[in-house]
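In this text the structure is predicted, and so the values were computed from the model without any measurement. Naming convention: chains lettered A, B, ... in sequence-line order (proteins, then strands); numbering from 1 in each chain.
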Amino acid sequence: MNERIAIVGGGHNGLVAAALLARSGRDVVLFEARPELGGLASTRELIPGHRVDAGSNDLGMFRRSVMEELELGAHGLELIEAPAVAAVPATAGSSAVVLWPEVGRTVEGLGGVSRRDAAAWPGFVFELAERAAALEPLLSRPLELGDMGRLLIAPEVLRALSSSLDESLRERFENPSLLAGLCGVALPATGLGPRANGTGWPLLFHCALGGSDRLAPVVRAQGGAGALASALAASAAASGAEIRTGASVSRILVDSGRVAGVRLTDGERIEAGAVISTATPSVTFLDLIGAPLLEPGFVRRLLNVKYRGAAARLALSLDGLPAFRGLERPALTGRIVLAEQPDDIERAADAAKYRRLPDRPWIEAALPTALDPSLAPAGRHLLLATVHHLPFDLEGGWDAGRPQLLARVADELERWAPGIGGLVREHALLLPTDFEADYGATAGGLHHGEMNPSQSLWLRPSASAWTGEPLPASGLWLGGAGCHPGGGLTGLPGTIAAVSLLRG
Amino acid sequence: MTVEPMAVDGVVSGTPSRGGGRFDAIVVGAGHNGLVAAAYLARAGLDVVVLESSPEIGGATRSQEAFPGFRFSVFSYLVSLLRPEVIHELDLVRHGLLLVPTASTLNPLPGGDCLFREADPQRTYRHIARHSRRDAEALFEYKLEMRRMGHLMYRLQRAAPDELAAAIGDRVAESAEHLDVEVSAEVADIARYFLDLSPVRLRSFVQMLTMSSADFLGQWFESDVLKAALSSSSIIGSMLSPRTPGSAYVLLHHYMGEIDGAYREWGFQKGGTGAVAATIARAARSHGAEIRTHSPVARVLARDGRTAGVVLANGDELRAGVVMSSAAPQISLGRLLDPEDVPGGAGAGLVERAARWQSGGCAGKVNLAISGLPRFECMPEPGPHLSGGITIAPGLDYVDRAYDDAKYGGFSERPFIDMIIPSVLDPDMAPPGKHVLSCFVQYAPYELAAGSWNEGQREAFGDAVVRTLAEYAPGIEDQILHRQVLVPPDIEAIAGIPGGNIFHGELRLSQLFLLRPDPAAASFRTPLPGYYVCGSSTQFGGGISGGPARLAALRVLDDLRRPETAGDGGGAETP
């Protein structure tokens, strides 16, 4: 049998798998269709002279142990921890709130907003960290049947899986900006509004993988998220892995129930005894393997994977730092949540379920140049505005929706940072349709499958099985965000795939 | 509004004086579960009294002659989940149980179209095939799968959750240490059945506990009208839309029912659901249980770390070593229990968690007295469709928009309505030629953003219901003789359910099995020995099932036989 391992996709998960396997002495070749590596965690010159992160740029959830094992520091990765986790600016009717990793600093700031919330904050962070720590091991390895029994009698996990974020936060807190800020940390790319049951889960997930005894800090890579991909690629190459960009896999070849290799769009055929696909389940099975080789029941399950949670990314080149009301410069280094209250997010989710644009989109903004000025030419700042809870199949189509969305986002930004419109020099916009076309994100879903409880844990495909049922070809492994534990810049699906493959 | 008591022989008002107020067991609340618990205890030879705060028995299971000559099932309106073992063991048929099956469901659609599902599968196939041939095919497979799932759920609900967890824990190893429970052969059987399911079915089951019914139904069907029609059972009594995660479980909950062995049959009780309560009361009394109305319980009495009886609101004390409460946790664990009385300092946690119990009501009831049968645009002439359920849920977006209204604190401007015409099945419900129309309506939140419910808002809600009905049954507004509008605060006031949630608490993972109604009370035992919970907020959940109370009563009897266990009956005589 051919000992070579082919990896489909050069996103961070594919690169992690390639680097880990190469380090273990395996013969690895990785194929990335795009010219640059990193997938949804890549950095592109979307605006000339600017380094724009296409998708996620927060490395706070990425496994430190994997970084160390792969010696990413030696391969050029420099991490910058943002002083702030999240901030909500003030508006005419609401106060500014800043969440810092340090409990005391957060309490001090909250004191001026709500004494009750300030008093409740330490207990909240402590309990969240405790629950997150209990959950973390289950997210870092393949799940076993015994885990199910353990989880099904764990009240806090059940609560997270079945209660709404809105209700669980309101048990403790009252200030709308604080509530909105926490929702803004938890709900990006979930497709669910904070009033939906099950939204307790994303916050717990986020904290479990941001793991420490405090609120998961925002961590960025010097030079943009693409620097992580570069370091991973360098580490993989140093161990002997072959990495081919601009090489698009059109088929995973299966022979008598075993993978035999891959075929590229230009017809080239590469033999391999094992294939790790980091594409979405739909792409992997329906496009690369092909429905004729699959059981009808399997196809039905595939067609029922939900990919809601599309987003658009607007990058703006600004003449200076925008003035978000009530926020000092250090507060601008983390996520900036532009929602006055949880219902602003809920109403955006409402619009999406009826395939409409929200009247007032809620925006997760970031100012990466506040931490790393090298991302933009001197004197310029880069603002990344991610508009979440958008429908992929917008009524009337995105050609008509594009200018509407731009106008609404501009209005919103102006409301939160008066005068920002005058600072804008250039812009670039990625729509949900671009995320699908450019990055293979089925239906624009950034997590390769909605991260709701019914698509998490056992209900998400694992590296080698889909809830106890083996994958349809032996030698095939899944290593992308579509499998356990899910989306986000964690490197875990790729790690689990590599570890599972090595174990056999 | 006033409610006339419905007579049940031997139900008396006020404090019992018999025997100096000493009993073997006291049951708090005379809803159907309280009555079932009392019947089981009395049947085993215990001297039992049921104490009901309101003027009449039944709780949310009651009938009322709201207008002269017109009788209504005030709140709950159909029976399906009533457990066959309860019917047989308590001999309810002899005591008057008479369920008439409702054989069909009509979903009127805009423009005079409809979706009609009848008992005859061939005709149902043809109706559905008009909307989608693929769906008509899939319906058979779907029903079979739901039957399996419902059966699985039913089996899991048949066991006390602590025993079940212990049995499952034993099988999946190492997790059962803290569960010190003896597992019966029956429960071990259930655990084995559960764990031997194929991975695909197990996945499907776990998924049903977390996903939305729209997504679940989307796995089977393509036509919006059928998905909306089938999703009705997934929102009943729950502040959920078909698109909210968690609604698939509520759907499953409604697939646990049967009538006379006919799976998922819904039945109408002659005389309305109040007659079901009366039937159970008769069974309880036939075994010697005493039932007292106008007897509000103020708190549970404890002596030396165990249950000693109850104190009534008027200060009277009744003694018993066993007290069972069929009320919701806010009352059972929050109000009736003095945290100081609970051994081991567990009381404060109980009270705190009871306050967090999710039980906001979301449904209203609009009962109409009408001068003649409604003429639905899709089927104007009288016919079999009028003796079945009729549901206004013409599409998923429609129901979701109704939910959105309530989410932000309004009632649905164009509500979801599930109705029956009881007088077609039981002519005694209305004067000759006239009819009663019972409309279960969502969504009506317990609290309105505009303030609390007042007469004006009640009437506006009633108007929205009539307006909606008139879209499908033109002219109905002119047929209405009387109208009774009930919203969650009314359910709270009349049936004594905090928040007016018909299930005594949302049916969701965090409020099921080992967490229903509280991690410390999921075995029906509370941390105060001798004090038990047995209502809809315990294992088996809501609906007229009697399942929770039966399991709870069996646990009490078991504890009395083994006085060394935590919940032993103490002062009670062992039968």
Side-chain angles (χ1 to χ4, degrees), chain A residues 144-164 166-168 171 190-193 195-201 297-298 300-301 303-306 308 343 346-347 349-351 353-355 450 452-460 465-470, chain B residues 161 165 168-176 178-179 195 198-204 206-212 214-216 218-220 238-241 243-249 353 355-356 358 360 396-397 400-401 403-404 407-408 506-515 518-519:
Chain A
E144 291 150 19
L145 184 63
D147 297 327
M148 190 183 311
R150 227 165 286 133
L151 275 195
L152 286 180
I153 55 175
E156 289 311 327
V157 172
L158 293 182
R159 208 179 295 279
L161 289 173
S162 66
S163 60
S164 81
D166 189 64
E167 85 188 32
S168 51
E171 280 173 7
T190 58
L192 293 169
R195 286 174 182 260
N197 288 346
T199 42
W201 175 245
F298 193 87
R300 186 158 77 179
R301 275 195 276 158
L303 294 175
N304 286 315
V305 173
K306 305 293 173 221
R308 285 167 300 220
D343 274 355
E346 185 70 27
R347 288 188 193 274
D350 283 351
K353 71 187 178 184
Y354 304 120
R355 301 172 54 212
E450 198 178 320
N452 65 33
S454 67
Q455 297 192 151
S456 297
L457 301 169
W458 303 271
L459 304 175
R460 217 169 174 86
W466 197 349
T467 322
E469 295 277 288
Chain B
I168 290 178
D170 271 352
R171 295 268 315 218
V172 297
E174 77 163 295
S175 54
H178 70 287
L179 296 161
L195 292 168
S198 73
V200 169
R201 181 143 295 129
L202 195 60
R203 168 185 184 276
S204 178
V206 175
Q207 199 172 28
M208 275 208 90
L209 299 175
T210 50
M211 82 193 302
S212 78
D215 284 352
F216 181 77
Q219 300 183 346
W220 301 86
S238 304
M239 190 61 183
L240 298 170
S241 96
R243 292 201 178 104
T244 316
S247 50
Y249 172 72
R353 291 189 297 267
R356 291 201 308 184
Q358 291 295 323
L396 287 173
D397 278 0
D400 217 348
R401 284 181 206 281
Y403 167 72
D404 286 347
K407 197 162 70 173
Y408 301 113
E506 294 266 351
L507 299 174
R508 53 156 91 162
L509 262 183
S510 62
Q511 301 195 154
L512 290 174
F513 298 113
L514 282 172
L515 303 177
D518 186 275

Point to revise | Contacting moiety of B/Asp397, where chain A heavy atoms sit under 4.5 Å | key: both
Check your understanding: Contact part of B/Arg243 toward chain A, heavy-atom cut-off under 4.5 Å: side chain, backbone, both or neither?
Key ->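 Just the side chain, heavy atoms under 4.5 Å.
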Under a 4.5 Å cut-off applied to non-hydrogen side-chain atoms, are [X] and [Y] in contact?
{"X": "A/Tyr354", "Y": "B/Asp400", "result": "yes"}
{"X": "A/Asn304", "Y": "B/Met211", "result": "no"}
{"X": "B/Leu512", "Y": "B/Leu507", "result": "yes"}

**Study point:** Results of side-chain contact (heavy atoms from CB on, under 4.5 Å) for A/Ser164 - residues two or more places apart only
**Key:** A/Asp166, A/Glu167, A/Asn197, A/Thr199
Point to revise | salt bridge (Lys or Arg N to Asp or Glu O under 4.0 Å) involving B/Asp215 - partner list, sequence neighbours excluded | key: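 With neighbours one apart ignored, the set is A/Arg308.
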Which answer fits [X], side chain, backbone, both or neither, if we ask what part of it has an atom under 4.5 Å from a heavy atom of chain B?
{"X": "A/Arg347", "answer": "both"}
{"X": "A/Arg159", "answer": "both"}
{"X": "A/Leu303", "answer": "neither"}

Exercise for review: Considering only heavy atoms and a distance below 4.5 Å, find which of B/Gln358, B/Gln207, B/Lys407 pairs most often with chain A.
Suggested key: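 Option with the top pair count is B/Lys407.
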